[in-house]
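The next block holds one structure in the form of structure tokens; read it before the comments.
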Amino acid sequence: MVLATTENTTASPARAGDFGPAVALSCRECGARYDLGPSFACIECFGPLEIAYEFGRVTRAQIAEGPTNIWRYRALLPVPADVTTKPNMAPGWTKLVKADNLARELGIRSLHIKDDSGNPTHSFKDRVVAIAVEAARNFGFHTLSCSSTGNLAGAVTAAAARAGLDACVFIPANLEEAKIVMASVYGGKLVGIEGTYDDVNRFCSELIGDELGDRWGFVNVNLRPYYAEGSKTLAYEIAEQLGWRIPDQVIVPVASGSQLTKIDKGFKELIALGLVEDRPYKIFAAQAEGCSPVSAAYKAGHDVIRPVKPDTIAKSLAIGNPADGPYVLDIARRTGGAVEDVTDAEIVEAIRLLARTEGIFAETAGGVTVGVLRKLVASGVLDPEAETVVLNTGDGLKTLDAVAGQARPTAVIRPSLDAFRTAIA
Amino acid sequence: MSVSVRIPTILRTYTGGAAEVNAEGATLRDVLQKLDADFPGIGARILDETGKIRRFVNVYVGDEDVRFADNLDTATPAGAQISIIPAVAGG
Ligand SMILES: Cc1ncc(COP(=O)(O)O)c(C=O)c1O
Ligand SMILES: [Zn+2]
């Protein structure tokens, strides 16, 4: 094993056990290995670094004894065994809703919605941030930071508040009101940047290179290898909630593509550890048409993703230059899945369809996955007989504007019986 | 034409720690060639074996990602600011 540190940093060195079963950082492109540290890119090839593990024996019974949050999987995450004793948001173990009404409407045999709007700040981002907080603590960082399309910003400021860390988060200035409120109400600093998420992301990457990388934990930059592992818990929970079985097909929303790649990693780990049966699964990726660089590359048969300038109501997915996009293509192709996109109108229709059939109010990202589900069933790409799980990664209250014009009172009447009878006739 | 190039942390071992260096060239390709002549080896870190920009590197001329322009043929006018940034996922 080649061990080297990738960057000069004054961060505290990791102690044995701080990162649980994690043993190194490893380059996803060329396999080069590095010490666990606050670094994210391979010095050989710029490839993304991921956590490499040496797992001990992990049993279903052991997991079942754990808390009903992501820490039940702590033996599979880069966190210390005593993580549960530290103040944190304890996200996860969200509902896997059996969606029979929606299944019937779409002509699917077995459908579940993994509803991550039930997390503490109402998006899946609480999962990734919880792991990043532990990494920040281990490296001795006092400030938690991120570049965000909105949900991550709220997850970071909330988690920092509970953990007793300072927060400073960066977002495109034109986000949905609810996301701006959530990112600021928990305290810390919220900086709106004039530009797209890609501009924000670039700015943060440069900030870290020049100024703050040795003192601030940018959850999706210098802490990204740790942060990204949080998404694996979605795969673990889906499998456990199905009775320790990986579903035949999963539909995942894609912005940077990080979440999708880690859901695949999670399934692979469960198989390798013998916790589930080794059988094939398909991963489908969902994008909004107004920001669909991965879908465009998939449809054109390309391996290279050409960035786009986003224009969609699905702002949480509006990353025009998706760093993990090539891996999303690989995974969709390798597993026999696909990448599809839907228009803003289809997103709104899908939000309403899910709400009307299952009582789940999704943000625009959930509209994207349900819209893509509907489209893939109609086009015959998705097998309606196979067991399907669709992700809802955020809460509809965060993107009220998407449906506000269309979801109105049925009638406004005087409090009279006659008026009522007319109104409901 | 003289341009300035911002160097990411992971490449600063080549530039003796300098975060920003000057280079010459009419296009990004020329600039990277000059950069490699001044700091031998740095070019192979930015470009892959086939001579294309590595897929996990973002290169900007001014505010524009060169993949929106002409990639290595993107013009680099005098005074342009070129940035080389590792791609970062999750947001
Ligand atoms: C609600 C929601 N779903 C999905 C995503 C996509 O995540 P990724 O960037 O990992 O593809 C995001 C990203 O911000 C999000 O906010
Ligand atoms: Zn590498």
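Fair warning: this is a prediction, and the values are worked out from it, not measured in the lab. In what follows, every chain begins at residue 1, and chains take the letters A, B, ... in the order their sequences are listed.
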Examine whether an atom of [X] lies under 4.5 Å from a heavy atom of chain A, and if so say whether it belongs to the side chain, the backbone or both; otherwise answer neither.
X	answer
B:Pro8	side chain
B:Asp48	neither
B:Leu11	side chain
B:Arg67	both

Rounded at 0.5 Å granularity, tell me how far [atom1] in [X] sits from [atom2] in [Y].
X	Y	atom1	atom2	answer
B:Thr9	A:Asn222	OG1	CG	10.0 Å
A:Ser39	B:Ile10	OG	CD1	9.5 Å
A:Cys45	B:Ile46	SG	CD1	13.5 Å

- request: Report the C-alpha distance between A:Arg202 and B:Asp65 in whole Å, list the side-chain angles of each, state the deciding distance to 0.1 Å, and finish with yes or no for salt bridge (charged side-chain N to carboxylate O under 4.0 Å, His left out).
  value: CA-CA 10 Å; A:Arg202 174 188 168 185; B:Asp65 185 326; over 6 Å; no
Counting only heavy atoms closer than 4.5 Å, note whether [X] contacts chain B via side chain, backbone, both or neither.
X	value
A:Cys146	neither
A:Pro307	both
A:Asn201	side chain
A:Lys309	both
A:Gln259	neither

message: Is any side-chain heavy atom of A:Pro48 closer than 4.5 Å to one of B:Phe56?
response: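 Yes. Closest side-chain heavy atoms under 4.5 Å.
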Is a side-chain N or O of [X] found less than 3.5 angstrom from the main chain of [Y], in a donor-acceptor match?
X	Y	value
A:Ser256	B:Gly90	yes
B:Arg54	A:Phe46	no
B:Arg45	A:Ile43	yes
A:Asn220	B:Ala89	no

- request: Identify which of B:Ala19, B:Ser83, B:Ala87 forms the greatest number of heavy-atom pairs closer than 4.5 Å to chain A.
  value: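 Most heavy-atom pairs under 4.5 Å with chain A: B:Ser83.
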- prompt: Are the ring centres of A:Phe203 and B:Tyr60 closer than 6.0 Å?
  reply: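 They do not qualify: ring centres at least 6.0 Å apart.
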message: Just so I understand: if I count every heavy-atom pair under 4.5 Å between each of A:Ile305, A:Val219, A:Asn151, A:Val308 and chain B, which residue has the most?
response: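 Ranked by contacts with chain B, first place is A:Val308.
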message: Just so I understand: if I count every heavy-atom pair under 4.5 Å between each of A:Ser231, A:Ala228, A:Pro326 and chain B, which residue has the most?
response: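 Option with the greatest count: A:Pro326.
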- prompt: For B:Asp63, does the CG atom have more than 12 heavy-atom neighbours from other residues, nucleotides or ligands under 6.0 Å away?
  reply: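 12 or below, so no.
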message: Can you give me the closest heavy-atom contact between A:Glu206 and B:Ile85, atom names plus distance?
response: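 Heavy-atom minimum between the residues: CG-CD1, 3.5 Å.
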